[in-house]
Amino acid sequence: MPERRPWRGIDIVFRPQLERRHSDSGAIDRTLHGLHATTTARISAACSQYAKRARRLESEIAKAGRFSNEELQSEAARLAYEIRVEGFAPELVSRSFALVQTAAGRHLGIRYFPVQLIGGLALLDGCFVEMATGEGKTVTAALAAATAALAGLPVHVITVNDYLAGRDAAQLAPLYRALGLSIGVIQHKDEPAARRAAYAADITYVANKEIGFDYLRDHIARARRAGKRGPQSNSGETVLRGLGYAIVDEADSALIDEARTPLIIAERSDESRFPYAAVLDIARSLENRTHYRIDRAHRAAQLTEAGRDEIGRHAGALSGLWRHSRAREEITEQALAALHLFECDRHYILREGKVEIVDEYTGRVAEGRNWERGLHQLIEAKEGAKITAQNTTVARITYQSFFRRYVRLAGMSGTAKEHSAEFLGVYGLKVVRIPTNRPVRRRCMGRTLHRRSEARWAAVADAAAREVGRGRAVLIGTRSVSASEAVSAVLTARGLPHTVLNARQDQNEADIVAVAGEAGRITVATNMAGRGTDIRLTPEVMMRGGLHVILTEYHESSRIDRQLVGRCARQGDPGSWEAIVSLNDELFRAHAGRLTTALQNWPNRIALEVLRRAAQFRAESRHARDRRTLLAVERAARRMFAFAGEGAWL
């Protein structure tokens, strides 16, 4: 029986949040789902303790509600002094949360749910809070951010992009100002003076990439003042005032997905005249398995001994670095990777004659990011784009190292349990799972495995037509730009009106998501799928069963799949999802090739579940190993450069 705990007329019910199963599901499918639901339904003891503290807030909230606006601000100033003297004592935190609740009610028209108060307490304690999609993480973060700001800590609320940083700051500004707190927001176009002013505020909203690069630029500015060599910058002054307290929104994206890619500040070198096209021609002349081998799991190519001998015969045709054997082999392996492992409209797009990287986890264009060691220039040569100059690294840092430098760190996301051990071991973040405010009404309508991609797209179109015929809204999730355009072509041929949201339309993301919940609306989206924004359903769609999500390809991380599925059935709304995938999908080919071949003749649910779990386990294990290796290399490089007195690694 669920444990029922009354609090201010609202029941906090700690119950397993089981998704309703479709009536046609098989016994094995139901068993697998039951095991998964039992595991994911466990709520940590820490969450129960935070719930006890949250229930004690009732009297403080009632007391704060009697303050006038002027008294509210005076009380906040008085409380700030006490917190700075005594620290985050439970009674002081309770008073702070009560003031935030009062300000939110008056200026935003919202009242915090008990589960949001629990989340706020966990964030303030430096935990990673897992809250289901749509449970109000943005306003939950304000509880901890305001309390930490009253304590005098520089507070950074870190989001995944500029749009969300600006939106969240604008939404919560009235609340913070009512407590006498200043708020700043960082945008990519901001100059150093504007950034300095934003960071000087009590609470600053900023994208993870922006604050990471600001930290690197501050390091360069300090090095210049100390007389060390470094690139010229716009100002010798720093912009940050310290790394006090950070709340990382969608923290699994920054702390896990992007942890394998270091932030790098580089200077342009004059190597655009290197004969990249000629190197590509040489790479095209090599034979697979004879001269090189392809490792799709690590997205790398490796020359064989015969391959090294073959490219050695071309040494006289090119000059410069080509005459050095190791450099020759490395650039050839990069050329092979550019030819065989990096695909247009999957790993990158061409826009205005430029090669722009597509982030595989978000589906958005990774602004300002280039591949290293000549790979970017080789892809430009492959696509006939203008060749840009290579970069020379001046300063670099990984997200793993950067976020560990905060005095106090907290994170929040809808998906965290898969990497709870890594969050604790690397960042010291204990994962606290918060129950939903209302029971989950999400239904799984099955998983289907097809041998060929064409059959999969036809089945996706059939499913979309079926659901829009019932008056529902449909979201079709894809892994790449090319896949979104492939399903778009099938829908167009069927005469089904739809909207495509991928890296080519990322500027219109908010507008597309705003209407994705209308009756009869079909939205085809890559991983972005409006993450960070709610798909608002019309009353008609809610009556017809809510949003229906179709997952067309599994991702290397099961968290990304959960994020897509979480777009439906938010905040107690109805919703459903289904998976329609193919044996030809990249996940299966790269991480379970032999098993995929063995299961060719058994494309059923059991085979699909075995294949998915095996491929995702292998992919996530490799990525975790890569992150550990990168962190170890960074630590070793820092020790080495510290001994030498300078270096790019921070």
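Note that the structure is a prediction, hence the values are computed from the model and not measured.
Of the options H340, E287, Q302, E310, a side-chain hydrogen bond (donor to acceptor under 3.5 Å, both in side chains) to Y292 is made by H340 and by none of the others.
Side-chain contact check for W577 versus L475: every heavy-atom pair is 4.5 Å or farther apart. Contact check for T398 versus L263: no side-chain heavy atoms found under the 4.5 Å cut-off. Using a 4.5 Å heavy-atom threshold, the side chains of S582 and R452 count as separate. Within the 4.5 Å cutoff, the side chain of R447 has heavy atoms near those of the Y554 side chain. You'll find the side chain of R494 reaches within 4.5 Å of the side chain of D462, heavy atoms only. Considering only heavy atoms from C-beta on, W371 stays 4.5 Å or farther from Q334 through its side chain. Considering only heavy atoms from C-beta on, V487 stays 4.5 Å or farther from T552 through its side chain. The shortest distance between side-chain heavy atoms of H498 and I476 does not fall below 4.5 Å.
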**Report entry** Check against side-chain contact (heavy atoms from CB on, under 4.5 Å), L564 and I560
**Finding:** CA-CA 6 Å; L564 177 61; I560 311 298; over 6 Å; no

Query - Working for salt bridge (charged side-chain N to carboxylate O under 4.0 Å, His left out), residues R296 and E586 - result: CA-CA 9 Å; R296 294 190 177 276; E586 182 179 359; over 6 Å; no

Query raised in the report: Run the side-chain contact (heavy atoms from CB on, under 4.5 Å) check on L409 and R404 step by step: do they pass?
Result: CA-CA 8 Å; L409 177 66; R404 285 151 53 100; over 6 Å; no

Report task. Using the side-chain contact (heavy atoms from CB on, under 4.5 Å) rule, take L255 and L429 through it: C-alpha gap first, then chi angles, then the decisive distance, then the call. Result -> CA-CA 11 Å; L255 304 184; L429 293 174; 3.9 Å; yes

**Report entry** Verdict with reasoning, L280 to K382, per side-chain contact (heavy atoms from CB on, under 4.5 Å)
**Finding:** CA-CA 7 Å; L280 285 173; K382 167 188 167 184; 4.0 Å; yes

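Smallest separation of non-hydrogen atoms from S480 and T526: O-CG2, 3.4 Å. Heavy atoms only, all atoms of each residue included: I550 and A464 are closest at CD1-N, 3.9 Å. Pairing each heavy atom of L496 with each of A461, the nearest pair is CD1-O, 3.9 Å. Residues E380 and I387 approach most closely at OE1-CA, 3.5 Å, considering heavy atoms. Between T133 and R567, the closest heavy-atom pair is CG2-NH1, 3.8 Å. Nearest heavy-atom pair across L243 and H156 is CD2-CE1, 4.3 Å.
In this structure, the salt bridge (Lys or Arg N to Asp or Glu O under 4.0 Å) partners of E305, at least two apart in sequence or on a different chain, are R308.
Expressed to the nearest 0.5 Å, how far CG of L611 lies from CZ of R613 amounts to 12.0 Å. To the nearest 0.5 Å, the span separating NZ on K209 from OG1 on T159 amounts to 11.5 Å. Here the straight-line distance linking atom CG of N370 with atom OH of Y348 works out to 14.0 Å at 0.5 Å rounding. Taken to the nearest 0.5 Å, the CD atom of E418 stands 8.5 Å off from the CG atom of D252. A distance of 13.5 Å separates CD1 of I256 from OH of Y399, quoted to the nearest 0.5 Å. To the nearest 0.5 angstrom, F342 atom CZ is 12.0 Å from L336 atom CG.
Taking 4.0 Å as the cut-off between side-chain N and carboxylate O, E210 and R195 count as a salt-bridged pair. Between R559 and D257, at least one side-chain nitrogen of the basic residue sits less than 4.0 Å from a carboxylate oxygen of the acidic one, meeting the salt-bridge criterion. Comment: R351 engages E356 in a salt bridge, judged by a side-chain N to carboxylate O separation of less than 4.0 angstrom. Salt bridge annotation for R479-D585: absent, with no cationic side-chain nitrogen under 4.0 angstrom from a carboxylate oxygen.
Not a single donor-acceptor pair under 3.5 Å links the side chain of E333 to the backbone N or O of A300. H347 places a side-chain N or O within donor-acceptor distance of the main-chain N or O of E343, the cut-off being under 3.5 Å. In this structure, S488 contributes its side chain and S484 its backbone to no donor-acceptor pair below 3.5 Å. Using modelled atom types, one side-chain atom of D218 and one backbone atom of V239 make a donor-acceptor pair closer than 3.5 Å. Remark: side-chain polar atoms of R589 are paired, donor with acceptor, to backbone N or O of N584 under 3.5 angstrom.
Classification of the Y406-F403 ring pair by plane angle, with boundaries at 30° and 60°, yields parallel.
With no hydrogens or angles considered, no side-chain donor-acceptor pair links E578 and T448 at under 3.5 Å.
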